[in-house]
Undergrad: 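This is the structure I have questions about; it appears just below.
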Number of protein chains: 2
Amino acid sequence: MTVKYLLENNFKVTSYKKGEVIYEPDMHPKAVYFIKSGRVKMVTVNDDGKEFIQGIFKASEYFGEPALLLNKPYLAYTIATQDTEIIPVRKEEFLKLIEDLKGFSMKLIQTLSNRLFYKSMMLEELANEQAEHRIRTLISYLFKDAAQGEELKITRQQLADMSGLRVETVIRIVKKLASQQEIKLMKGKVVKL
Amino acid sequence: MTVKYLLENNFKVTSYKKGEVIYEPDMHPKAVYFIKSGRVKMVTVNDDGKEFIQGIFKASEYFGEPALLLNKPYLAYTIATQDTEIIPVRKEEFLKLIEDLKGFSMKLIQTLSNRLFYKSMMLEELANEQAEHRIRTLISYLFKDAAQGEELKITRQQLADMSGLRVETVIRIVKKLASQQEIKLMKGKVVKL
DNA sequence: GGCAATTTATGATGCAGATCATACTTTATA
DNA sequence: TATAAAGTATGATCTGCATCATAAATTGCC
């Protein structure tokens, strides 16, 4: 996997504390960010200060390529949601990865395609579906690769910020889904059944 | 441009009448579709039959690669919104384009990145912004490369289906924007000023 | 050029989810 | 092991846009 390759080739690791900003809107992209460990959220913030979570990135994933490759300023903030180690790969080096690293370019195309699938799904939900349907779809997407009994590492507020709803609404719906046995709650955490 | 290359290499052209369906949800992808002439909309339809327009594709553009490259069934319908000529490129041939055609792979990555930008922008709008803001953003995006005086080739219904609003709402807002001199109306068509 | 279909227009009413307020529970941290 | 902070919970009220109804203007087409 690419992070291992980068470490073997002496790329440097940068540490970010929980809450630290990696980049913000309007900045000119300088690198692609590979996550060695930790967790990062990508959020856009509107004029009223409301956040929308565009995506959540975990260890071994990377982010920030679209803006870099299009030479456009970032639209979003990326923020470490826990202590995180990141390997920044500068543009020329990233382009070299695409050229040289066998299969990397196809992998990147598939990564972008997966993100498009997710965004298409959410657009459809936000455009046409009621609150309950949105949360059902979102939770089942987030549980996609999870085992039975596993718990969501995501708060109600984050579900709200991903679905365009308010926390109170998400809380009410999650309770309802639990009462209908669609999910289980343990100490407030959503658990897959 | 790639369509020219395909025509020179004897790829076959298929014709679709206005309203004809090119592919539909759950179908297994067989090809990538290059548009020689015409116009195609990509729409998802929910259980109540409400449409959401995921994208609109014009001559020289192509669609359908993400599902093909991920080996996933389509999520959306693609429908010719006028008489359209299409060059279907089968998977092996498309993979060959990526491998062989110099620069094609990077172009594809940029195309996917642009679609991600659009979807991120619209997600933010649908999640957090009021109707008027959504329509402003959408219209200015659609007019991005247009000259002053050019008219939108898009109906109120289509704006509604792209923004998650109802036609009536879009009509009221478009009238308001016109009255505020943000756009001009000529025989009902939205014109850039 | 005339008729049908599509698109635009406008008013009246209803409702899902936002907003506001207030409290309880779980988790972090000093 | 306190105590603060973050997250979950619940009720009451308010509102932007959907929905419904009905008509006028524009476009397509034989």
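Just so we're on the same page: letters track the sequence lines, and every chain starts at 1.
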Undergrad: Could you give the CE-to-P distance, from B:Met186 to D:dT26, as a whole number of Å?
TA: 12 Å
Undergrad: Nearest to the side chain of B:Ile171, heavy atoms from C-beta on, is which of D:dT8, D:dT19, C:dA9?
TA: C:dA9
Undergrad: May I have the distance from A:Glu151 (atom CD) to D:dT8 (atom P), rounded to whole angstrom?
TA: 11 Å
Undergrad: Rounded to whole Å, how long is the line connecting atom CG of B:Leu152 with atom P of C:dT7?
TA: 15 Å
Undergrad: Report yes if at least one side-chain N or O of A:Lys18 is closer than 4.0 Å to OP1 or OP2 of D:dA5; otherwise report no.
TA: no
Undergrad: Within less than 4.0 Å of OP1 or OP2 of D:dT19, is there a side-chain N or O belonging to B:Arg166?
TA: yes
Undergrad: Measure the distance from CG on B:Asp161 to C1' on C:dT7 and round it to the nearest whole Å.
TA: 13 Å
Undergrad: Do any side-chain nitrogens or oxygens of A:Arg156 fall under 4.0 Å of OP1 or OP2 in D:dG7?
TA: no
Undergrad: So, under a plain 3.5 Å distance rule, would you say the side chain of B:Arg172 forms a donor-acceptor pair with the base of C:dG11?
TA: yes
Undergrad: Just checking, any donor-acceptor pair under 3.5 angstrom between side chains of A:Lys119 and A:Gln54?
TA: yes
Undergrad: Sub-3.5 Å donor-acceptor pair from the side chain of B:Arg156 to the main-chain atoms of B:Gly188, do we have one?
TA: yes
Undergrad: Can you identify which nucleotide, out of C:dG17, D:dA9, C:dT8, has its nearest atom closest to the A:Leu185 side chain?
TA: D:dA9
Undergrad: Taking OP1 and OP2 of C:dA18, is either one under 4.0 Å from a side-chain nitrogen or oxygen of A:Thr169?
TA: yes
Undergrad: Map B:Lys175 and A:Leu165 onto DNA chain C by nearest heavy atom, then report which one ends up closer to the 5' terminus.
TA: B:Lys175
Undergrad: Compare all side-chain heavy atoms of A:Leu112 with those of A:Glu65 and state whether any distance is below 4.5 angstrom.
TA: yes
Undergrad: Both conditions, 6.0 Å and 45 degrees, for the charged tip of B:Lys107 above the ring of B:Phe104: are they met here?
TA: no
Undergrad: Can you check the B:Glu132 CD to D:dT15 P distance for me, whole Å?
TA: 18 Å
Undergrad: Are B:Asn114 and A:Lys72 close enough that some pair of their side-chain heavy atoms sits under 4.5 Å apart?
TA: yes
Undergrad: Would you kindly give the CD1-to-P distance between A:Ile173 and D:dA9, to the nearest whole Å?
TA: 13 Å
Undergrad: Measure from CG on B:Asn128 to C1' on D:dC17 and round the result to the nearest Å.
TA: 17 Å
Undergrad: So which one's nearest nucleotide on DNA chain D is more toward 5', B:Val167 or A:Val174?
TA: A:Val174
Undergrad: Quick check for you: among C:dT8, D:dT27, D:dC17, whose closest atom lies nearest to any side-chain atom of B:Lys187?
TA: D:dT27
Undergrad: Could you give the NZ-to-P distance, from B:Lys176 to C:dG11, as a whole number of Å?
TA: 15 Å
Undergrad: Mapping A:Glu168 and A:Glu129 to their closest nucleotides on DNA chain C, which lands nearer the 5' end?
TA: A:Glu129
